[in-house]
Amino acid sequence: PPIDISDPEQVKNRISEYLDFCEMNDKKPSMVAMANWIGVSRETLNTWKRGEYRTETHSDTIKKACLLMEEIWYDLMQNGKINPGSGIFLGKNMFGYKDVADVVVTPNNPMQDLDADTARKRLMESIPDETDE
């Protein structure tokens, strides 16, 4: 049945019911399903989570529920209970994880130890002459 979404206790209870349902039925919780259980859109749930609306009453509850979902996701990934591709997608899109690559750039300037005149001469020698064509 619908709840009064302006009442933080009703929202909290509905989230708790949803998470209990997931546990009892071996379902993986999601933001979309949680929004459906509460009776709001995913976008509304995200505005609550970001603190853009109902900041004082709903934001902390939604953040805690998301942390719990992240913990469940992490456990499923660590124990091989979720397809790795799906798990990586969920981690990046639901929980803000990202791939990070460290790139080290080593300058390679063969003319850095040359004086200006010698460097200019070598540079001019490396440019093809138009008459060579």
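None of these values were measured; they are calculated from a predicted model.
Proximity of Asn13 to Tyr18: side-chain heavy atoms (C-beta onward) are nowhere separated by under 4.5 Å. Side chains of Val104 and Asp102 form no contact here, defined as non-hydrogen atoms less than 4.5 Å apart. Residues Leu76 and Lys28 are in side-chain contact: their nearest non-hydrogen atoms beyond the backbone lie under 4.5 Å apart.
Listed by first then second residue, pairs satisfying salt bridge (Lys or Arg N to Asp or Glu O under 4.0 Å) with a partner in residues 55-74 number zero, not counting sequence neighbours. Counting only residues at least two apart or on different chains, the salt bridge (Lys or Arg N to Asp or Glu O under 4.0 Å) pairs with a member in residues 4-24 are Arg14-Glu17. For the salt bridge (Lys or Arg N to Asp or Glu O under 4.0 Å) condition, the pairs that include at least one residue of residues 35-51, sequence neighbours left out, are Arg50-Glu52. The stretch residues 75-87 participates, sequence neighbours left out, in no salt bridge (Lys or Arg N to Asp or Glu O under 4.0 Å) pair at all.
Linking ILVMFWY residues whenever their side-chain heavy atoms come closer than 4.5 Å, directly or via other members, places Leu68 and Trp73 in the same cluster. Following chains of ILVMFWY side-chain contacts shorter than 4.5 Å, one can reach Ile72 starting from Phe21, so the two form part of one hydrophobic cluster.
Applying the side chain to side chain contact (heavy atoms under 4.5 Å, CB included) test to Ser86 and every residue at least two apart in sequence or in another chain returns Asn83. For Asp117, the side chain to side chain donor-acceptor pair (under 3.5 Å) partners are Arg120, not counting sequence neighbours. The ring pair (Phe, Tyr, Trp, His ring centres under 6.0 Å) check on Phe89 picks up nothing, with sequence neighbours excluded. Taking the ring pair (Phe, Tyr, Trp, His ring centres under 6.0 Å) definition, one finds that Tyr74 meets it with nothing, sequence neighbours left out. Listed by chain and residue number, Val11, Leu19, Met34, Ile38, Thr61, Ile62, Ala65 satisfy the side chain to side chain contact (heavy atoms under 4.5 Å, CB included) test with Ile15 (two or more places apart in sequence, or in another chain). Applying the side chain to side chain contact (heavy atoms under 4.5 Å, CB included) test to Lys92 and every residue at least two apart in sequence or in another chain returns Ile88, Asp99.
Rounding to the nearest 0.5 Å places CE of Met31 at 4.0 Å from CG of Leu45. The OH atom of Tyr53 sits 8.5 Å away from atom CH2 of Trp48, with the distance rounded to the nearest 0.5 Å. One finds the CH2 atom of Trp37 at 10.5 Å from the OG atom of Ser16 (value rounded to the nearest 0.5 Å).
Of the possible donor and acceptor atoms, one in the side chain of His58 sits under 3.5 Å from a partner among the backbone N and O of Ile5.
Counted by atom type alone, Thr47 and Thr44 present zero donor-acceptor pairs between their side chains at under 3.5 Å.
Taking Ile, Leu, Val, Met, Phe, Trp and Tyr as members and joining any whose side-chain heavy atoms lie under 4.5 Å apart, directly or through other members, the hydrophobic cluster of Ile127 also contains Met124.
Residues Pro84 and Met77 share a closest heavy-atom pair of O-CE, 4.1 Å.
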